[in-house]
Amino acid sequence: MNVFSYFREQVVKELETLAAAGKLPPGLDTARVTVEPPREAAHGDISTNAALVLAKAAAMKPRDVAALLVERLRSHPEATAADIAGPGFVNLRLRDSFWQTRLGDILRTGETYGAADIGAGQAINVEYVSANPTGPMHVGHGRGAVVGDALAALYAKIGYKVTREYYVNDAGAQVDQLARSVHLRYREALGETVGAIPDGLYPGEYLQPVGAALAARDGDKWRGRPEDEWLAPIREFAIAAMMELIRGDLAALHVRHDVFSSERHDVVERQRVGEVVEFLRQRDLVYTGTLEPPKGMKPDDWEPRPQMLFRATTFGDDVDRPLQKSDGAWTYFAADMAYHLDKYRRGFARMIGVWGADHGGYVKRMQAAVAAISDGKAGLEIRLCQLVNLLEKGEPVKMSKRAGTFVTLRDVVDRVGAGVVRFIMLTRKHDQHLDFDFAKVTEQSKDNPVFYVQYAHARTRSVMRQAAEAFPGIDLSDRALAGADLARLAHADEIVLVKHLAGWPRLVESAAEAGEPHRVAFYLYDLAASFHALWTRGKDETALRFVAADDRALTLARLALVRGVGIVVASGLRLIGVEPVEEMR
RNA sequence: GAGCCCUUAGCUCAGCCGGAUAGAGCAACAGCCUUCUAAGCUGUAGGUCACUGGUUCGAAUCCAGUAGGGCUCGCCA
C-alpha cells in the first residue's frame, strides 16, 4: 500500500463530498493536489496542498478551503488530528495502529512489498550499455549498465512489461579496424613480428588471444591474402569474440539483457535503412540540401556538399540531419532510425535509452527521429550518465591504453565485487560526475555506504539469531511475526522506523517515474541510519532492546519491526542488483 | 559560434510534481563500549542555494539573461 496515494484518494473524495454539499464549487480540477509526508515530522504524518492549489478556482481564501477539508478529515477513522498550517496546508496525524498495520502488511507481502501496477503491463524498452564490440567494457560503460539495469528493475516493479536491450554497433568502420587489428594479431600468432600497432587500430593486448584463436582455427589460410578476402570473415570472428568478452563483463556485474540487436544483421542486411528512408520520403521528411558548417569552429576539410537530409527541425532539432555519407553509404544515424522504427514495430511506444554523456549531442535528433517514425505516437527518453573517475586513496588512477595500464570494468569488479560496484554507481545522480575510490568503497566502516547498508541488514539477521537462542523453539517466520501483537510497538522511535518502511512504495514509484535509480540507494542509506540509531539506543536504554528475555510478546512485536527492516533493505538491495549479506565477516 | 548538462555548508553530495525553519556524510569540536556486533550512535558548529531579473499566494526547484565548469558539433559509432 502506498500510504500517500491512499490518502490522496481520501482527500479527493472529501473534496467531492464538499462540492456535492455545495460548500465548494463543482468540477474543481484536483490534478495538482498532492499528498506527501511533511518535511518536518512535527507537522504530522500526512500533508496536503489541496487548499492552496484550489483556492483560486474556488474563489476562496486558502485557509477557508483548508477549514472545510479539516472538518471532513478530522473524522477519518485513521486520523487523530487534522490541522491547518502555514498558508493553508492541511496536516493529518495518524493513529499508531495505522502504522502498526502497515508493518503487518510488509511481513505478509515479503520482498514484493513496494510493487505497484502503475504500468498496467504496458511494454517499455530500456536500451543500455550498447558498448561497441571493439574491446572490453570500461568503467563508464559499467555505470550505464548499472543505471540501466536498476531502471529496468524499477519499471518492472511498478508493473511495466520491460524488455532490456543491447544494440550492437557491428556495422561501421570501427569493426573493420577491429578486423585489421585482429589480422595483425593473427599474423603475430603465426610467428611474424608485427611491431607497433599502427594508429587507428586497436592496440590492446586483449586481441592477442583472439588472433591466436583464429590461427588455431584457420591456420595460415589468411596470410598473404588481399584484405578484401579476409576482412569480412575475420570481422565476423572478431565481433563474436568481442561480444563474448562483453557478455562475460556483463555477467560478472550480474547484468543481463533480453535482446541483443545487431546493426549489421538486423538492420543493414535486412535493408531496413532503405525502408525507413522510404517511410520518411512518403511523409515528405527527406530532401537534398547543403548544411552550413558549424559556426565558430572551422573543420579543415569542410566543403559544402549536397546531402540527403532528414527534416529533424520539424520535430524540434536544431538542424536537419544527414542520412547519407558522401560515398553514398548510410550514416550511423540513418541506421539508428531504422533500428528505432524496428523497436516501435515490435510494440514499444515507450523507449528509454541510457547513454554516456558524450552522446548528449545526439539526443534531440534521435527524439526527432522517434517522433517521425512513429507519427508522434512513441517517445524516447534518454538518461545521460556522466563520467566515472577512478581513484586510489584520493589520487586519480593513471590510465593509458598504450602503456597497458588501462583499468577495465572487469578489473574493478574482480577487485571489489559486483555488489559494491553496483551500489557505488548509484550513490550519485546519473548526470553528476562520480568518484570511485578503491580505498573508500572497500573500507569496512560507516564511511562506506555499501558497507553501512549491508551492516544494517546483517544486524537484522543477527537479532533473529539472538532471539532464537533466547526463546528456544520460538516461531520467527514472517507469518508468525505478522500475527504478533504489534500494538506493543508503542515507542516513538519504533513508530518512526515503521513510517520510514511505509515510505518504500512511494520511493519506488517516484524513483521509477523520475528515472532516477540512485534514489533507491539514498533511501536505503537513510533507512539503515534509522535502524542503526534505534539499535544503539537499546545500548543506553535496556528497555528498548529488541530481545526482551522476560517478555515474549514484546519481543515478537519488536522482531516484526526488525524483520520489516530486513525485508525492505533486502528488497531494495536486490532491486538494484546487490545481494544482501547474512553477517559481516 | 551553437546545443545539451552542471554550479546547494570548508570538502563530497541529496533535495520528489513549485510548498512550511534548505538536509546528509566527511572534516572540526564535545560525548557514548562490564551491554542484542562501537564495523555503531548522540550532540554542537557550519548556508547570499553562482549572479541578475521575471512568473505567483509561495522559487534551490519554473522562465530569460550573465559568469564559471563539463560534453558535443556533416562524410565516427
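For clarity, every value in this text was computed on a predicted model and none was experimentally measured. Chain letters run A, B, ... following the sequence lines, proteins first and then strands; every chain starts at 1. Just so you know, these numbers use all the heavy atoms, side chains as well, and skip hydrogens, waters and symmetry mates.
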A:Lys61 near the nucleic acid: base, sugar-phosphate alone, or nothing, with a heavy-atom cut-off under 4.0 Å? nothing
Distances under 3.5 Å between protein N/O atoms and the N/O atoms of nucleotides 67-73 of chain B, please, pair by pair.
| residue | atom | partner | partner atom | Å |
| --- | --- | --- | --- | --- |
| B:C71 | O2' | A:Ala357 | O | 3.0 |

For the side chain of A:Arg459 and the base of B:C36, is some donor closer than 3.5 Å to an acceptor across the two? no
So, using side chain to side chain donor-acceptor pair (under 3.5 Å) as the criterion, who are the partners of A:Asp526 when residues are at least two apart? none
Report the residues that fulfil salt bridge (charged side-chain N to carboxylate O under 4.0 Å, His left out) with A:Lys499, sequence neighbours left out, ordered by chain and then residue number. A:Asp45
Please determine whether a side-chain nitrogen or oxygen atom of A:Lys364 lies at a distance below 4.0 Å from atom OP1 or OP2 of B:G3. no
Does B:A38 have its OP1 or OP2 closer than 4.0 Å to a side-chain nitrogen or oxygen of A:Lys539? yes
Residues at least two apart in sequence or cross-chain that pass side chain to side chain donor-acceptor pair (under 3.5 Å) with A:Glu381, listed by chain then number, are A:Arg350
Check every atom of B:A38, B:A39, B:U35 against the side chain of A:Arg545 and return the nucleotide holding the closest atom. B:U35
Nearest-neighbour nucleotide for the A:Phe451 side chain, B:A38, B:G74, B:A39 considered: B:A39
Output all residues satisfying side chain to side chain donor-acceptor pair (under 3.5 Å) with A:His138, sequence neighbours left out; order by chain, then residue number. A:His141
Within the 4.0 Å heavy-atom criterion, would you say A:Val547 contacts the bases, only the backbone, or no part of the nucleic acid? base
Which pairs count as salt bridge (charged side-chain N to carboxylate O under 4.0 Å, His left out) when at least one residue sits in residues 546-564 of chain A, sequence neighbours excluded? A:Asp478-A:Arg563, A:Arg488-A:Asp551, A:Glu494-A:Arg558
Where the side chain of A:Trp535 is concerned, which of B:C13, B:C75, B:C36 is the nearest nucleotide? B:C36
Does A:Ser462 place a side-chain N or O at less than 4.0 Å from the phosphate oxygens OP1/OP2 of B:U37? yes
Near RNA chain B, which residues from residues 502-510 of chain A have a heavy atom under 4.0 Å away? A:Arg506
ring-ring contact (aromatic ring centres under 6.0 Å, His included) partner of A:His500, the single match among A:Tyr525, A:Phe531, A:Tyr523: A:Tyr523
Could you work out the separation of B:G15 and B:A24 based on their P atoms and round it to a whole Å? 15 Å
At under 4.0 Å between heavy atoms, what does A:Gln466 touch on the DNA or RNA strands: base, sugar-phosphate, or nothing? sugar-phosphate
Among the nucleotides B:G15, B:U37, B:C41, whichever has the atom closest to the side chain of A:Tyr452 is B:C41
Given B:G58, is OP1 or OP2 found less than 4.0 Å from the side-chain N or O atoms of A:Lys56? no
Residue-level proximity of residues 511-521 of chain A to RNA chain B when a heavy atom falls under 4.0 Å: A:Glu516, A:His518, A:Arg519
Please check the phosphate of B:G74 (OP1 and OP2 only) for any side-chain N or O of A:Gln324 closer than 4.0 Å. no
Summarise protein proximity over nucleotides 19-29 of chain B in one line of letters, 5' to 3': B for base, S for sugar-phosphate only, - for none, counting protein heavy atoms closer than 4.0 Å. BB--SSSS---
Which class fits the ring pair A:Tyr339 and A:Tyr167: parallel under 30°, tilted 30 to 60°, perpendicular over 60°? parallel
Could you name each residue pair satisfying salt bridge (charged side-chain N to carboxylate O under 4.0 Å, His left out) that touches residues 170-182 of chain A, not counting sequence neighbours? A:Asp176-A:Arg235, A:Arg180-A:Glu227
Would you say A:Gln454 reaches B:A39's phosphate, i.e. side-chain N/O to OP1/OP2 under 4.0 Å? no
Which of these nucleotides, B:C76, B:A38, B:G74, is closest to any side-chain atom of A:Tyr455? B:A38
Answer yes when A:Asp342 and A:Arg272 have at least one side-chain N-carboxylate O distance shorter than 4.0 Å, and no when they do not. yes
My understanding is that only residues two or more places apart in sequence, or in another chain, count here; which of them pass side-chain contact (heavy atoms from CB on, under 4.5 Å) with A:Ala238? A:Leu178, A:Val182
In dot-bracket, 5' to 3', how would RNA chain B read with Watson-Crick or G-U wobble pairs under 3.5 Å, [ ] for crossing ones and | for pairs to another strand? (((((((..((((.....[...)))).(((((.......))))).....(((((..]....))))))))))))....
